[in-house]
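Only one structure is covered here, and it is reproduced in the block below.
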Amino acid sequence: MTSAPESTGLLPERVSAFTDDALGTDDATGVAERIARGEISSAEAVDAAIARVESVNATLNAVAATDHDRARRRAGATRIRGAFAGVPSATKDNIHVAGMPTTMGSQAVSSRPGDLDGAFTRQFLDTGVIPICSTTMPEFGWTATTERVGGDVTRNPWNTAYSTGGSSGGSAALVASGALPIAHGNDGGGSIRIPAAACGLVGLKPSRGRLRLDEGNATMPVKVVVDGVLTRSVRDTARFFEAAERSHRNPRLQPIGHVEDGPARPLRIGYQPDSPFAPPSDTDTRAAVERTRDLLEALGHSVVDYVAPVPAFFKSDFEDYWSLLAYAVASNRGGLFGSDFDATKLDPLTLGLAKRFRRRAHRAPLFIARLAASGAVQQRRFGDVDLVLSPVLVHTPPPIGELTADQTFEEHFAKLVKYAAFTPLANATGAPAISLPLGRAADGRPVGVMLSGRLGDERRLLEIAFDLEEASPFASLASAT
């Protein structure tokens, strides 16, 4: 159980940016359609988004750096193409965007603007979005909250005393609050799905290779990180991946194509309410997954008890790999972060993970090999189910301070592995998984549930997500009381 939240003083419990302006209460698809029809201009949408972000950011602390002037220039261009042509958005502070700093949420990294767009950034921009800012994250994305040293925290718009999740917490806070209709996130251990669950959003972690990789992620021995978006509707997520596929399609994966409704046949879905690597799921989380199970059965699908065929060594292997990545960061291997990288400014979690790897470095060949093989193993052992239903997290998101970056490594690590126990498997195997906001905690905060599939199964995940959203429309701060 989590402790009581810290006192937030004069901070409002809920923060909503929704207002009667050019964006209204539309999702990204709605905004794009109104721009295309000429009902609003891209410039009006961008100006509205800038005003909304500025109205909530003093409380949410979700912006890493602004890009307002360039956004306005892009919005004034005579021809913007793409499914989200002219729609305001944001990029997370860990991909390369020309003219913007990429600090990875760390004081150790220079805030010098970059020279070039990364490979994924180019694909993201091809969808027509116009980034107005970059968004906050915890240092290097290691943790499942968006809290940095010295009390530099990003707050959840549903209740500012609580975590946004992480590591794409800044993007999630801005989309959930209504400041932006869509924003970039990426996921190396749950970092799209966890903030989606915490902030009441849709978060699809795609299959490995579905989208282009930024250069740093492409060099990993096991490519656990994938990019994507955080949205308030299934149709926005489906539209994004359809648009991204027009920019780049991996021929080794079955295409997603256009998705707008449910699956053509009833599905057999495995039900796993608890993780084999953590304590039992808490009451609110279990209730959300049970309710989703009942919804699926009411929709005509078969739901059966399921235990994922995950070997006992998976947990330690993933933790060791996580530690290896932190070691590579802390040592600035290959000058990855430039000559002005200052390791003395790294936080306790990064330093602790790096130290942990040094003790266990002799295991590297074994855990890398086993994680690299996990995708093929998962494909063979998935069983006779089409998808798997589980929680996203073991318990509801904790209060600000529970996962503070200022605590010791040992305290932070112990809490983290008992909290984010469901999400890492899909990162190791490369398979897709989606978080949907289908539950509510006793205090009204959103609770996410997760559906996972085989490699290349994004279309099926989106189809079932459409059915579930129609059966149980997602709560929004646009209408929450």
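Positions are given from 1 along the sequence. Bear in mind the structure is a predicted one, so any value in this text is a computation, not a measurement.
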Is there a donor-acceptor contact under 3.5 Å linking the side chains of D443 and N159?
no
Any sub-3.5 Å donor-acceptor pair from R34's side-chain atoms to A22's backbone N or O?
yes
Going by atom types only, do S167 and W142 share a side-chain donor-acceptor pair under 3.5 Å?
no
Please say which of P131, P88, S42 ends up in a side chain to side chain contact (heavy atoms under 4.5 Å, CB included) with R74.
P131
Tell me if the CZ atom of R37 is crowded by more than 12 foreign heavy atoms within 6.0 Å.
yes
Have E147 and S163 got a donor and an acceptor in their side chains that come within less than 3.5 Å?
no
Test item: N217 side-chain N/O and V225 main-chain N/O as donor-acceptor pair under 3.5 Å
no
Charged tip of R155 within 45° of Y162 ring normal and under 6.0 Å:
no
Would you confirm whether R52, through its side chain, and S16, through its main-chain N or O, come within 3.5 Å as a donor-acceptor pair?
no
May I ask you to check whether S472 and R291 show a side-chain donor-acceptor distance below 3.5 Å?
yes
Test salt bridge (Lys or Arg N to Asp or Glu O under 4.0 Å) on D227 and K92; report intermediate values, then the result.
CA-CA 10 Å; D227 290 279; K92 185 177 172 183; over 6 Å; no
Applying side-chain contact (heavy atoms from CB on, under 4.5 Å), name anything that partners E245, two or more places apart in sequence or on another chain.
R210, R249, P255, I256
According to side-chain contact (heavy atoms from CB on, under 4.5 Å), who are the partners of A287, at least two apart in sequence or on a separate chain?
none
Quick one: does any side-chain atom of D117 pair with a main-chain N or O of R122 as donor and acceptor, under 3.5 Å?
no
Side chains of H395 and S281: any donor to acceptor distance under 3.5 Å?
no
Nearest 0.5 Å please: distance from the CZ atom of F341 over to the OG atom of S106.
6.0 Å
A441 backbone acceptor or donor facing D284 side chain under 3.5 Å:
no
Quick one: list whatever passes side-chain contact (heavy atoms from CB on, under 4.5 Å) with T29, sequence neighbours left out.
D27, E33, F84, R235, D236, R239
Which atom names give the shortest non-hydrogen contact between P348 and F409, and what distance separates them?
O-CB, 3.7 Å
Distance alone, cut at 3.5 Å: any donor-acceptor contact between the side chains of H258 and E242?
yes
Answer with yes or no whether the side chains of T237 and T231 bring together a donor and an acceptor at under 3.5 Å.
yes
Salt bridge (Lys or Arg N to Asp or Glu O under 4.0 Å), that's the test. Do D274 and R286 meet it? Break it down for me.
CA-CA 8 Å; D274 295 309; R286 186 175 295 274; 2.4 Å; yes
What's the separation between atom CG in D152 and atom CD in E139, rounded to the nearest 0.5 Å?
11.5 Å
Has R212 got its NZ or CZ under 6.0 Å from the middle of the six-membered ring of F120, at an angle within 45 degrees of the ring axis?
no
Could you tell me whether the side chain of T404 and the main chain of G401 form a donor-acceptor pair under 3.5 Å?
no
Any side-chain donor paired with an acceptor under 3.5 Å for T408 and E411?
yes
Flag for T136-T154: side-chain donor and acceptor within less than 3.5 Å
yes
Here's a test for you: under side chain to side chain contact (heavy atoms under 4.5 Å, CB included), which of H301, R460, M450 qualifies with L387?
R460
Between the side chains of R14 and N156, is a donor N or O closer than 3.5 angstrom to an acceptor N or O?
no
Check step by step if side chain to side chain donor-acceptor pair (under 3.5 Å) holds for H412 and T143.
CA-CA 9 Å; H412 197 157; T143 190; 2.8 Å; yes
Identify the residue among L461, D457, L438, L267 that makes a side chain to side chain contact (heavy atoms under 4.5 Å, CB included) with L451.
L461
